[in-house]
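See structure below.
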Amino acid sequence: MNINLLDRNNNTAILLAGILAIFVGVGVARFAFTSLLPSMLDDFLSITDAGVLASFNFAGYLTGAIFTIFMKDINTKVKYFRIGLVLSVLTTLILATTTNETLWLASRVVAGFGSAMLLIVGGALVMVKLTYKDKTKAMGIHFSGIGIAIVVSELISQYVLKSGNWADAWLTLSLFAFVVSFYSMYILSFDKVLKQEAVKHKLSKSIFSTYVILLILAYFTEGVGFVVQGTFLPDIINSLKGLDGYGSLGWLVVGIAGIPSSIIWMRLAHNYGSVNIIIVAMALQVVGILIPAFTTNIYLNLLSGALYGSTFIGLVALFMHLGGKLAGKNPVVLMGAMTAAYGIGQVGAPLYSVALIEYFGNYNSTLYVTATIVFVGILFLLYAKKIVV
């Protein structure tokens with residue numbers, strides 16, 4: 001079987017381009033910050049700085065998510081997808097070349113916007129371009145790019161840190177991102193025929209039913225659930241008695257567990273229903289969030305990382321795919337609205353997290369609050385199921 005990876009309409013090439021875009025926008029522009037956080041905390045950042053920078057990053061992501069709701073034609077989506085690639089590379093380069101606080105805050109906001117363009121708009125472009133009759137499995141493969149992005153960015157970061165510092169790691173990551181961006185930019189575009197076929201779809205307000213609003217609220221709680229470990233997990237593990245230095249291993253486990261997760265969760269959703277499987281995934285996430293608050297056992301804390309990686313990536317895929325299906329011909333609209341809610345949760349969570357960490361001197365209270373919020377999301381979904389039945 002001959003696969004031409006330079007053919008813009010080849011399904012394998014489309015999926016590869018989507019995964020590489022996720023590496024740039026999520027692996028480099030977002031999660032490399034988590035990977036390099038312990039090193040930066042040892043050097044010049046405080047935990048409050050880290051929380052504020054994370055919040056600014058998510059604020060940029062939220063802005064981007066809201067912005068995507070108003071994108072109606074495919075030409076605009078392609079343009080902003082390309083802008084997202086450029087912004088993700090440039091903002092990473094800023095972190096490598098300066099420690100100016102204002103520039104860092106600005107770069108994290110802009111990086112968040114770029115990430116939204118690559119994850120939301122990029123996901124929509126992949127969904128539109130794929131020619132499979134049932135795109136569920138294919139989109140599961142696409143979202144596995146989040147796990148791949150975490151693993152690859154973590155391995156690059158840790159390799160560079162052996163002989164260099166965090167600034168060298170940022171520089172190396174920005175160069176990697178720069179190189180792979182060209183492939184995604186080339187493949188995820190449309191020829192003239194497709195441009196004419198996919199030009200405009202009107203926004204239907206009827207898609208925002210009570211059922212959908214409950215899904216959006218649940219995704220908000222998942223945004224909160226995502227943040228604490230997504231920002232602090234390596235430092236959470238390092239802060240536990242006897243586990244100093246294991247944080248990077250825990251973060252690597254997050255990525256490895258995440259790679260197959262969206263494919264497995266999407267398969268389970270196909271067999272048992274999306275909402276049912278989302279509830280199961282969120283329940284497992286609650287368990288993972290609580291583990292570091294109750295034990296310093298290395299294996300259980302690595303399990304916490306595995307539960308986090310396998311659930312948050314799967315939940316992004318499940319919610320995004322469900323949003324795309326419910327929205328019909330304009331998937332970016334509902335996907336954007338859901339991600340906006342997710343983004344609001346992301347912006348607030350680092351701020352209450354650092355406040356609780358500073359007050360209590362450890363992560364436990366933050367973990368309790370976060371687990372409770374995710375549990376409330378499960379209740380929203382149970383109620384949503386009741387409405388449909």
Side-chain angles (χ1 to χ4, degrees), residues 4-30 61 64-89 113-146 148-149 177 180-201 203 262 266 316-317 319-340:
N4 182 4
L5 291 179
L6 294 178
D7 178 2
R8 289 178 176 177
N9 298 313
N10 179 278
N11 284 325
T12 303
I14 292 163
L15 287 170
L16 177 59
I19 289 170
L20 288 174
I22 288 173
F23 167 73
V24 175
V26 181
V28 174
R30 169 61 197 103
Y61 191 86
I66 294 169
F67 186 73
T68 63
I69 298 171
F70 302 100
M71 289 185 196
K72 302 300 188 296
D73 71 89
I74 209 76
N75 300 350
T76 305
K77 291 170 191 171
V78 170
K79 181 174 82 173
Y80 277 97
F81 172 74
R82 291 175 173 177
I83 289 170
L85 288 167
V86 174
L87 292 178
S88 295
V89 173
F113 182 88
S115 295
M117 296 305 105
L118 298 183
L119 188 62
I120 305 168
V121 181
L125 291 178
V126 168
M127 192 180 266
V128 170
K129 285 209 75 168
L130 288 171
T131 56
Y132 297 115
K133 191 173 180 183
D134 181 2
K135 300 180 183 181
T136 303
K137 292 175 189 173
M139 289 309 291
I141 293 169
H142 169 71
F143 285 112
S144 72
I146 298 174
I148 294 168
V180 302
S181 290
F182 288 98
Y183 184 76
S184 296
M185 200 175 285
Y186 172 72
I187 296 294
L188 293 179
S189 56
F190 292 82
D191 55 39
K192 287 181 181 177
V193 175
L194 273 173
K195 278 184 181 178
Q196 293 305 313
E197 287 175 355
V199 176
K200 288 195 176 180
H201 299 295
L203 171 59
S262 56
M266 295 289 261
V316 169
F319 273 105
M320 288 289 98
H321 181 69
L322 182 57
K325 276 172 64 179
L326 291 170
K329 291 184 177 178
N330 200 355
V332 80
V333 175
L334 189 48
M335 287 165 79
M338 291 172 78
T339 307

Rounded distance (nearest 0.5 Å) linking atom [atom1] of [X] with atom [atom2] of [Y]:
| X | Y | atom1 | atom2 | result |
| --- | --- | --- | --- | --- |
| Leu188 | Tyr183 | CG | OH | 9.0 Å |
| Met139 | Met127 | CE | CE | 4.0 Å |
| Asn10 | Ile187 | CG | CD1 | 8.0 Å |
| Ser262 | Ile141 | OG | CD1 | 8.5 Å |
| Leu130 | His142 | CG | NE2 | 9.0 Å |
| Ile19 | Ile146 | CD1 | CD1 | 10.5 Å |

Hey, can you pull the donor-acceptor pairs under 3.5 Å for the side chains in residues 22-30, sequence neighbours left out?
unit_1 : atom_1 : unit_2 : atom_2 : d
Arg30  : NH2    : Gly230 : O      : 3.2
Arg30  : NH2    : Thr231 : OG1    : 3.3

Less than 4.5 Å apart, any side-chain heavy atom of [X] and any of [Y]?
| X | Y | value |
| --- | --- | --- |
| Val89 | Ser181 | yes |
| Leu119 | Phe143 | yes |
| Met117 | Thr68 | yes |

Original post:
Looking only at heavy atoms, which two atoms of Thr76 and Met71 are closest? And how far apart?
Top reply: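 Looking at all heavy atoms of both residues, the shortest contact is CG2-CG, 4.1 Å.
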**OP:** Specify the closest pair of heavy atoms between Leu118 and Ser88, including all atoms of both residues, with the distance to one decimal.
**Re:**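 Taking every non-hydrogen atom into account, CD1-OG, 3.6 Å.
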For [X], enumerate each residue passing the side chain to side chain contact (heavy atoms under 4.5 Å, CB included) test, keeping only those at least two apart in sequence or located in another chain.
| X | answer |
| --- | --- |
| Leu87 | Ile83, Val110, Phe113 |
| Val78 | Arg82, Leu125, Ser189, Phe190 |
| Ile66 | Leu62, Phe70, Ala340 |
| Tyr186 | Arg8 |

Subject >> Partners meeting ring pair (Phe, Tyr, Trp, His ring centres under 6.0 Å) with Phe319 (sequence neighbours left out) >> reply: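 Applying ring pair (Phe, Tyr, Trp, His ring centres under 6.0 Å) to Phe319 gives Tyr219.
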Subject >> Option passing side-chain contact (heavy atoms from CB on, under 4.5 Å) with Leu20 (candidates Leu85, Val180, Ile148) >> reply: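 One option only clears the test, and that one is Val180.
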